[in-house]
*Asks:* 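Can you keep this structure in mind? I'll have questions shortly.
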Amino acid sequence: MVEEGLEARLGRFVGVEAEPPRVARYAVNGAMIRNWVEAHDDGNPIYVDREVARATGRRDVVCPPAMISTWVMAGYRRHREVQRLRATGATEDFAYSRLMNLLDKAGYTSVVATNVEQEYLRELHPGDQVTAHFTIESVSAEKKTALGRGFFITLRKKYVDRDENPVAEERFRLLRFAPS
């Protein structure tokens, strides 16, 4: 059962910047592209062979589009830091952290990613630098799921290059739930 006023408090996060822009730690690069295509057993030569990519009119190899979010991942050290803060009940000074803290305190402590939708606006090549801007697009009313009662949260991510030109857009949806 949802505590009194929780859904209204969650609703205040909708449309708010989730966190500061996340700048990729590394420029798009061939080594990471090669690791990705090998892990996915993707044989498309435009991802790894410069001459093949150039023969198709491209300036260089192409980053696989679905790889977009990997460039702005914060890394395992940051993940451990967030989990440590979460365990102590600490909140960082941005909306997504406050939202997660509010859900933790209300007993919605587990998470599962449910789906992602991506739209690719232009190809990335080695040397491109990616930044992601995150907005909390929606928070559902409490839903009963097989995992437990919880809230679906949709993050809208806009990926841009170093000149702030759009590269991709994404909707990432997760379920924060109280385990059954």
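This one's a predicted model, so the numbers in the text were calculated from it and none came from an experiment. Here, residue 1 is the first one in the sequence, and each next residue gets the next number.
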*Asks:* Can you pull the ring-ring contact (aromatic ring centres under 6.0 Å, His included) pairs that have at least one residue in residues 58-85, sequence neighbours excluded?
*Replies:*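 Passing the test, one end in residues 58-85: Tyr76-His79.
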*Asks:* When you measure from the side chain of Thr70 to the backbone N and O of Met67, does any donor-acceptor pair fall under 3.5 Å?
*Replies:*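 Confirmed, Thr70 side chain pairs with Met67 backbone.
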*Asks:* Treating Ile, Leu, Val, Met, Phe, Trp and Tyr as nodes and any side-chain heavy-atom pair under 4.5 angstrom as an edge, say whether Phe13 and Phe172 lie in one connected cluster.
*Replies:*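 Yes.
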*Asks:* Indicate the atoms forming the closest heavy-atom contact of Ala18 with Leu155, along with that distance.
*Replies:*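 That closest heavy-atom pairing would be CB-CD2, 4.3 Å.
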*Asks:* For residues Gly107 and Ala178, report the shortest heavy-atom separation together with the two atoms involved.
*Replies:*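 What the structure gives for the nearest pair is O-CB, 3.3 Å.
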*Asks:* Taking it one step at a time, do Glu92 and Leu85 satisfy side-chain contact (heavy atoms from CB on, under 4.5 Å)?
*Replies:* CA-CA 8 Å; Glu92 294 178 279; Leu85 291 168; 3.7 Å; yes
*Asks:* Using links of under 4.5 Å between side-chain heavy atoms of ILVMFWY residues, direct or through other members, which residues join Phe152 in one cluster?
*Replies:*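 Direct or chained contacts put Phe152 with Val112, Leu147, Leu175, Phe177.
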*Asks:* Between Val116 and Leu121, is there shared hydrophobic-cluster membership here, with clusters defined by ILVMFWY side-chain heavy atoms closer than 4.5 Å?
*Replies:*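 Val116 and Leu121: separate clusters.
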*Asks:* Any idea which heavy atoms bring Gly148 and Ser180 closest together, and the distance?
*Replies:*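 Taking Gly148 first and Ser180 second, the nearest heavy atoms are CA-OG, 3.2 Å.
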*Asks:* Using the rule that Ile, Leu, Val, Met, Phe, Trp and Tyr join whenever any side-chain heavy atoms are under 4.5 Å apart, tell me whether Phe94 and Val23 fall into a single cluster.
*Replies:*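 Phe94 and Val23: separate clusters.
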*Asks:* Which heavy atom of Ala106 sits nearest to which heavy atom of Leu6, and what is that distance?
*Replies:*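 The answer is CB-CD2, 3.8 Å.
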*Asks:* Salt bridge or not between Glu19 and Arg78? Use side-chain N to carboxylate O under 4.0 Å.
*Replies:*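 A salt bridge is absent here (no side-chain N lies under 4.0 Å from a carboxylate O).
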*Asks:* Verify, without hydrogens or angle tests, whether Asn44 (side chain) and Tyr47 (backbone) share a donor-acceptor contact under 3.5 angstrom.
*Replies:*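 No; judged by distance alone, with no hydrogens or angles, the pair does not exist.
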*Asks:* Under the criterion side-chain contact (heavy atoms from CB on, under 4.5 Å), I'd like the reasoning laid out for Ile46 against Val61: C-alpha separation, chi angles, the key distance, then a yes or no.
*Replies:* CA-CA 5 Å; Ile46 67 168; Val61 296; over 6 Å; no
*Asks:* Measure the spacing between CZ of Arg171 and OG1 of Thr135 and express it to the nearest 0.5 Å.
*Replies:*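 Arg171 atom CZ to Thr135 atom OG1 measures 11.0 Å (nearest 0.5 Å).
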*Asks:* Same hydrophobic cluster for Val16 and Val139, using side-chain heavy-atom links shorter than 4.5 Å among ILVMFWY?
*Replies:*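 In one cluster with Val16: Val139, no.
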*Asks:* More than 12 non-hydrogen atoms from neighbouring residues, nucleotides or ligands closer than 6.0 Å to CZ on Arg34, yes or no?
*Replies:*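 Result for CZ/Arg34: open.
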*Asks:* Working to the nearest 0.5 Å, report the span between CG of Asp128 and CD of Glu123.
*Replies:*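 Result: 10.5 Å between the selected atoms.
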*Asks:* List the steps and the verdict of side-chain contact (heavy atoms from CB on, under 4.5 Å) for Met100 and Ile153.
*Replies:* CA-CA 10 Å; Met100 295 298 106; Ile153 299 161; 3.5 Å; yes
*Asks:* Calculate, to the nearest 0.5 Å, the distance between atoms CG and CG belonging to Leu124 and Asn29 respectively.
*Replies:*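 CG of Asn29 is found 11.5 Å from CG of Leu124.
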*Asks:* To the nearest 0.5 angstrom, please state how far the CD atom of Glu169 sits from the NZ atom of Lys158.
*Replies:*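 Here the rounded value is 5.5 Å.
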*Asks:* Check for a donor-acceptor pair, side chain of Arg54 on one end and backbone N or O of Arg59 on the other, with a separation under 3.5 Å.
*Replies:*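 A pair under 3.5 Å: yes.
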*Asks:* Between Val160 and His133, which heavy-atom pair has the shortest distance, and what is it?
*Replies:*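 Closest pair (atom of Val160, atom of His133, distance): CG2-NE2, 3.7 Å.
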*Asks:* For Ala53, does its backbone N or O pair with a side-chain atom of Asp60 as donor and acceptor, under 3.5 Å?
*Replies:*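 Looks like no, no N/O pair under 3.5 Å.
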*Asks:* Are Met32 and Tyr120 co-members of a hydrophobic cluster defined by side-chain heavy atoms under 4.5 Å apart?
*Replies:*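 Per the 4.5 Å side-chain linkage, Tyr120 and Met32 are co-clustered.
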*Asks:* Taking Glu142 for the side chain and Glu7 for the main chain, is one N or O donor matched with an acceptor at less than 3.5 Å?
*Replies:*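 Checking the backbone N and O of Glu7 against the side chain of Glu142, no donor-acceptor pair under 3.5 Å is found.
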*Asks:* Distance from Thr131 atom OG1 to Glu164 atom CD, nearest 0.5 Å?
*Replies:*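 Reported value, rounded in 0.5 Å steps: 6.0 Å.
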*Asks:* Assess whether atom CZ of Arg80 is packed by more than 12 heavy atoms of other residues, nucleotides or ligands within 6.0 Å.
*Replies:*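 Check passes, neighbour count above 12.
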*Asks:* Which heavy-atom pair separates Val28 from Cys63 by the least distance, and what is that distance?
*Replies:*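 Heavy atoms only, the tightest pair is CG1-CB, 4.1 Å.
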*Asks:* About how many Å separate CZ of Arg9 and CG of Leu103, when rounded to the nearest 0.5 Å?
*Replies:*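 Spacing of CG (Leu103) from CZ (Arg9) equals 9.5 Å.
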*Asks:* Would Phe134 and Tyr96 satisfy ring pair (Phe, Tyr, Trp, His ring centres under 6.0 Å), going step by step from the backbone distance to the final call?
*Replies:* CA-CA 9 Å; Phe134 294 69; Tyr96 189 67; 8.0 Å; no
*Asks:* With a sphere of 6.0 Å drawn around CG of Asp93, does it hold more than 12 non-hydrogen atoms of other residues, nucleotides or ligands?
*Replies:*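 Result for CG/Asp93: open.
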*Asks:* Please examine the side chains of Lys157 and Ile68, heavy atoms only from C-beta on, and report whether any two atoms are closer than 4.5 Å.
*Replies:*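 Not in contact.
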*Asks:* Verify, without hydrogens or angle tests, whether Arg173 (side chain) and Thr114 (backbone) share a donor-acceptor contact under 3.5 angstrom.
*Replies:*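 Checking the backbone N and O of Thr114 against the side chain of Arg173, no donor-acceptor pair under 3.5 Å is found.
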*Asks:* Val62 and His125: side-chain contact (heavy atoms from CB on, under 4.5 Å), yes or no, with the steps?
*Replies:* CA-CA 5 Å; Val62 177; His125 300 277; 3.9 Å; yes
